[in-house]
Amino acid sequence: MEYFSLKRSNAADRGGANLSSKVYVRSTKSGKVQKIVRELYLRKDIPCSSNLCKACLDIAPADFNQKTAPFVLSDTPAGSKDYPNGIYLVPDTNAFLTGMDLFEVENAFHDVIVLQTVLEEVKNRSLPLYHRLIALTKHENKRFYVFFNEFRQETHVSRDSGETINDRNDRAVRRAVQWYNEHITHAVAARSKKQTRVPTVVMLTDDKDCLRKAKADKIPSSTLADFVFGLENADELLDMMSAAQDQREVRSKKTELFYSEHYTISKMMTGVKAGVLHQGIFNVSPYNYLEGSVHVPAFDKSLLVLGRENGNRAVSGDVVVVEILPQDQWKAPSTKIIEEETVNKNDNPEVEDGENIVSEKERKALQEEVKRAHGQSTEGRPQPTARVVGIVKRNWRQYVGHIDRDSIRTASKSARQQQMVFLIPMDKRVPKIRIRTRQAGELLGQRVLATIDSWDRDSRYPMGHFVRSLGELESKGAETEALLLEWDVQYKPFPKTVLDCLPAEGHDWKVPASTDDPGWKGRKDLRDLLVCSIDPPGCVDIDDALHARKLPNGNFEVGVHIADVSHFVKPNNAMDKEASQRGTTVYLVDKRIDMLPMLLGTDLCSLKPYVERYAFSVLWEITPDADIVESHFTKSVIRSREAFSYEQAQIRIDDSGAQDDLTAGMRTLLMLSKKLKQKRYDAGALNLASPEVKVQTESETSDPVDVQTKRLLDTNSLVEEFMLLANISVAAKNHEAFPQTALLRRHGAPPKTNFEELANQLKVKKGLELRTDSSKALADSLDLCVEESEPFFNTLVRIMATRCMMSAEYFCAGTQAYPEFRHYGLASEIYTHFTSPIRRYADLEAHRQLAAAIDYEPLDASLHSKSKLEGVCKNINVRHRNAQMAGRASIEYYVGQALKGKDITEDGFVMKVFSNGFVVFVPRFGIESLIRLRDLATPEPEAEFDGENYVLSVKGGVGREVELFQKVKVRITDEVEESTGKRKVKLTLV
């Protein structure tokens with residue numbers, strides 16, 4: 001919208017193109033010298049885009065539709081104390097780098113000119129910030145305009161000899177501001193006499209030299225902070241500026257350095273190539289914030305990174321390079337729970353000088369750990385330890401948390417002086433963040449969004465700045481937004497550009513009545529089939545429907561019919577791009593965040609009953625023993641006869657009075673699904689468990705009323721079996737057609753070491769053997785992990801085994817060898833996702849590939865490109881995992897709210913034993929929680945930990961033994977967790 005066509009204009013009067021050329025000299029591989037001349041056509045028809053300027057409107061170039069893009073900048077821009085006639089802002093690169101959060105605020109920073117010079121510099125410095133800036137230029141209400149100053153004759157600046165690129169770019173910004181001021185003054189003068197207000201074009205920069213030169217040339221300019229200071233909501237806005245700037249100014253004092261210097265990138269890469277350094281992702285233990293781990297290819301087990309000093313300013317998620325420590329410093333993983341809020345409770349955010357990086361308490365906690373490792377209590381299984389020597393890529397994001405009450409000097413709401421406070425992130429693996437704020441009193445008790453700006457050697461904690469408040473702690477709105485932000489779920493409403501891609505008929509769209517209509521081309525008419533859908537209760541985005549009927553030869557025809565989303569979402573349009581970024585629909589307890597607009601998801605694509613819908617059908621001939629005779633794929637039109645919930649379908653199948661054809665088809669599907677399931681289990685597919693509960697909420701308020709464990713019926717399994725079969729059939733077809741670029745899903749076999757701990761626990765505690773040489777061996781040995789007196793024991797072991805697994809992932813066929821395609825959990829040689837295109841982007845891509853494989857339509861170039869598809873897979877893998885985590889966090893929040901004020905006694909099972917506490921799982925609510933020794937009695941009772949036998953013997957008045965797998969009675973109450981501000985379930989032993 002705000003870009004102007006830069007095609008050379010044909011009109012003769014467009015200010016006569018002026019030629020500028022740059023000359024480069026470079027040497028080729030063969031040693032010859034090449035001279036490269038780049039010619040630049042300078043023009044006068046690049047508009048200023050101010051609605052005050054008629055001259056530019058008359059000469060603005062038209063696009064290929066012969067339309068001139070609408071002008072962006074307001075003719076009555078807002079003013080300030082210093083510039084009452086209104087302001088157009090021209091920020092330099094650093095203003096955007098340090099103040100992007102400010103520019104995104106809805107109620108300030110409108111009418112901004114983004115110079116081409118600045119845009120290119122931002123792109124080179126930070127791609128995420130560049131994408132945010134581009135998004136602002138598309139935001140209609142913000143009025144950000146990209147001005148191609150390098151191509152406009154009056155604003156083009158050539159680099160002087162001896163001038164640095166940086167100085168030349170600063171000069172280009174000043175020149176553009178100067179020209180804009182002269183140009184707008186002329187534009188206003190040329191209008192009728194009524195217009196007297198001439199807006200000022202102001203440069204924003206924090207570069208002192210650039211400011212000095214601007215003042216000398218009488219160019220209006222200001223620092224970002226000074227400009228914000230003159231605005232109405234200055235307090236809130238000043239908090240949002242990056243702290244990195246202030247830090248640099250303070251840094252001139254001599255300060256103590258806590259951390260060692262990071263290696264340069266070249267030194268790290270040389271070390272990694274030579275095998276003396278190792279690269280991987282830094283992860284922090286959720287139970288012990290002083291224990292990090294990095295998985296690197298050279299070692300089976302993860303390398304442990306112990307203590308802050310060795311972590312050397314890495315934050316969980318960063319890509320780091322580590323150096324292995326000498327063998328006498330290796331140790332076993334921690335058996336102690338160490339939480340930051342208890343160890344460093346009273347740190348002062350203001351004071352840095354004279355602190356040790358490792359506080360005395362931290363050192364003590366670590367020493368006890370090392371002693372334990374070198375004692376004989378564990379089976380002498382020390383793991384290699386390492387220290388972080390440098391950071392390849394910071395994966396910092398925006399963090400949600402709350403202000404630590406103890407770090408505030410004055411909590412009065414009227415106090416406006418700036419103070420340094422701690423933000424405690426909701427994610428326990430992230431360190432406290434130091435934030436400077438003028439509104440500490442107001443932020444207390446709020447969920448707050450903040451970001452990390454820097455973490456320097458002389459600061460024990462990272463420095464950051466406030467972004468915005470989400471609302472009160474525990475309020476439904478704030479907590480839901482917090483978990484969406486925490487898991488990076490894109491929840492903003494769909495922009496207009498996306499909605500413009502929807503069919504113009506809206507909800508009135510129908511399958512064309514005439515089969516001669518182009519929409520019917522290549523489609524099979526399957527409207528006479530008795531098709532039905534079976535889904536969770538209340539499901540409106542119906543992706544799949546099924547049918548089965550007997551064939552004359554005694555076999556069955558079975559069909560899986562999937563919503564034909566690719567008919568409505570065309571590759572590379574705005575809707576497709578949005579869907580590919582979102583990657584998946586996210587299901588929370590009280591709402592859905594859709595991947596596609598509701599018109600498609602819940603209506604036009606949804607296979608609703610009693611209406612005709614486009615579908616993509618997979619049809620098989622199947623014998624009564626569930627062997628596949630042949631498969632067939634086709635685009636189709638269907639009319640579903642009924643939409644059942646799992647329970648309704650089960651009741652219908654079990655009702656002996658129902659003898660109609662639709663019910664007969666469902667009974668056939670159930671019979672075949674049981675045989676398909678048995679075949680999968682015989683082949684070694686795993687039957688794993690996860691603690692699934694559903695929260696009943698009140699329809700009006702969405703307040704939780706009850707928590708129930710999910711009941712699985714035969715009809716759940718019926719649908720699952722045929723979806724798996726469809727996914728496997730489509731995967732094979734797509735791979736045959738596109739061996740290099742088929743989008744598939746794999747599940748790697750877990751390394752042996754993943755199961756070591758669980759196998760040892762089962763052997764020591766129950767005398768059971770867990771065999772893991774193949775998925776079949778694992779499946780069979782899991783079946784044998786039973787305890788007569790305790791039926792839940794087998795489910796508990798399956799839940800623990802699931803956690804030893806690798807994650808399944810999407811991949812592009814050409815990036816792996818065929819044996820690596822295997823899906824370990826499903827025991828299938830090849831697999832993809834095809835059956836849920838309304839809610840998963842991977843399935844939509846599989847639809848496009850299948851349509852090309854059956855010659856329905858040609859494949860878009862983006863699905864021929866291996867590198868593009870790898871990018872798609874990388875994104876949807878992250879999105880898929882984040883959606884799962886957000887869903888779990890939502891359940892956790894609602895379970896906490898449902899138990900608010902309750903006091904219940906339930907059965908629980910011990911899942912993990914530490915030297916100072918243990919983890920208990922409560923099946924009734926699907927929750928697991930930590931019970932620490934200090935929760936059992938005050939003062940904290942003494943205890944003896946037997947690591948070999950997984951037993952914790954608590955002494956004193958409590959006087960009892962707690963051991964792994966033990967069934968215990970627990971009292972369930974609720975409390976607000978001090979460290980994260982979340983309402984959590986609190987368990988105590990009865």
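One-based numbering along the sequence shown.
Side-chain N or O atoms of N553 include one that pairs as donor or acceptor with a backbone N or O of N555 at under 3.5 Å. A donor-acceptor distance shorter than 3.5 angstrom exists from the side chain of R613 to the backbone of S606, with no hydrogens or angles considered. Using a distance-only test at 3.5 Å, with no hydrogens or angles considered, a donor-acceptor pair links the side chain of S774 to the main chain of A777. Under a 3.5 Å cut-off, the side chain of S673 and the backbone N or O of L670 do form a donor-acceptor pair. Distance alone, capped at 3.5 Å, places no donor-acceptor pair between the S836 side chain and the R840 backbone.
When the side-chain contact (heavy atoms from CB on, under 4.5 Å) test is applied to V786, the partners found at least two apart in sequence or on another chain are N794. The side-chain contact (heavy atoms from CB on, under 4.5 Å) search around S580 returns Y841, not counting sequence neighbours. Shown here are the ring-ring contact (aromatic ring centres under 6.0 Å, His included) partners of Y818, two or more places apart in sequence or in another chain: H735, F821. A737 pairs by the side-chain contact (heavy atoms from CB on, under 4.5 Å) definition with A853, not counting sequence neighbours. By the side-chain contact (heavy atoms from CB on, under 4.5 Å) test, A548 is found to be paired with V558, T668, L669, residues two or more places apart in sequence or in another chain being considered. Partners of H561 according to the ring-ring contact (aromatic ring centres under 6.0 Å, His included) rule, which considers only residues two or more places apart in sequence or in another chain, are H547.
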Using distance only, find each side-chain donor-acceptor pair of residues 510-519 under 3.5 Å and give its atom names and separation, not counting sequence neighbours.
| from | atom 1 | to | atom 2 | distance (Å) |
| --- | --- | --- | --- | --- |
| S514 | OG | D516 | N | 3.0 |
| D517 | OD1 | G519 | N | 2.8 |

Compile the donor-acceptor pairs under 3.5 Å between side chains in residues 804-813 and protein atoms, sequence neighbours left out, one pair per line.
| from | atom 1 | to | atom 2 | distance (Å) |
| --- | --- | --- | --- | --- |
| E809 | OE2 | R746 | NH1 | 2.7 |
| Y810 | OH | H833 | ND1 | 2.7 |

Using a 3.5 Å cut-off and no angle test, enumerate the donor-acceptor pairs between side-chain atoms of residues 530-545 and protein atoms at least two apart in sequence or in another chain.
| from | atom 1 | to | atom 2 | distance (Å) |
| --- | --- | --- | --- | --- |
| D541 | OD2 | Y587 | OH | 2.7 |
| D543 | OD1 | I838 | N | 2.9 |

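Among residues at least two apart or in separate chains, salt bridge (Lys or Arg N to Asp or Glu O under 4.0 Å) pairs with a member in residues 879-890 are D488-R879. Note on residues 864-875: no pairs pass salt bridge (Lys or Arg N to Asp or Glu O under 4.0 Å), not counting sequence neighbours. Applying the salt bridge (Lys or Arg N to Asp or Glu O under 4.0 Å) test to every pair with at least one member in residues 651-668, sequence neighbours left out, gives these pairs: R652-D660.
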Quiz prompt | L483/L588 under side-chain contact (heavy atoms from CB on, under 4.5 Å): CA gap, chis, key distance, verdict | solution = CA-CA 10 Å; L483 72 88; L588 306 181; 3.9 Å; yes
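The pair K570-D576 fails the salt-bridge criterion, with no side-chain N (NZ, NE, NH1 or NH2) lying under 4.0 Å from an Asp/Glu carboxylate O. For R549 and E557, the salt-bridge test passes: some basic side-chain N is under 4.0 Å from an acidic carboxylate O. Remark: R582 does not engage D594 in a salt bridge, criterion side-chain N to carboxylate O under 4.0 Å.
Note that R711 lies outside the cation-pi zone of Y646, set by a 6.0 Å cut-off to the ring centre and a 45° limit from the axis. Within the cation-pi definition used here (under 6.0 Å to the ring centroid, within 45° of the axis), R523 qualifies as a partner of Y614.
Here the straight-line distance linking atom CD of Q849 with atom CG of D860 works out to 11.0 Å at 0.5 Å rounding. To the nearest 0.5 Å, atom NE2 of residue H632 and atom NZ of residue K733 are 9.5 Å apart.
In this structure, W509 has its ring center under 6.0 Å from that of F568.
For the pair L744 and Y831, the minimum side-chain heavy-atom distance is 4.5 Å or more. Proximity of L778 to R771: side-chain heavy atoms (C-beta onward) are nowhere separated by under 4.5 Å.
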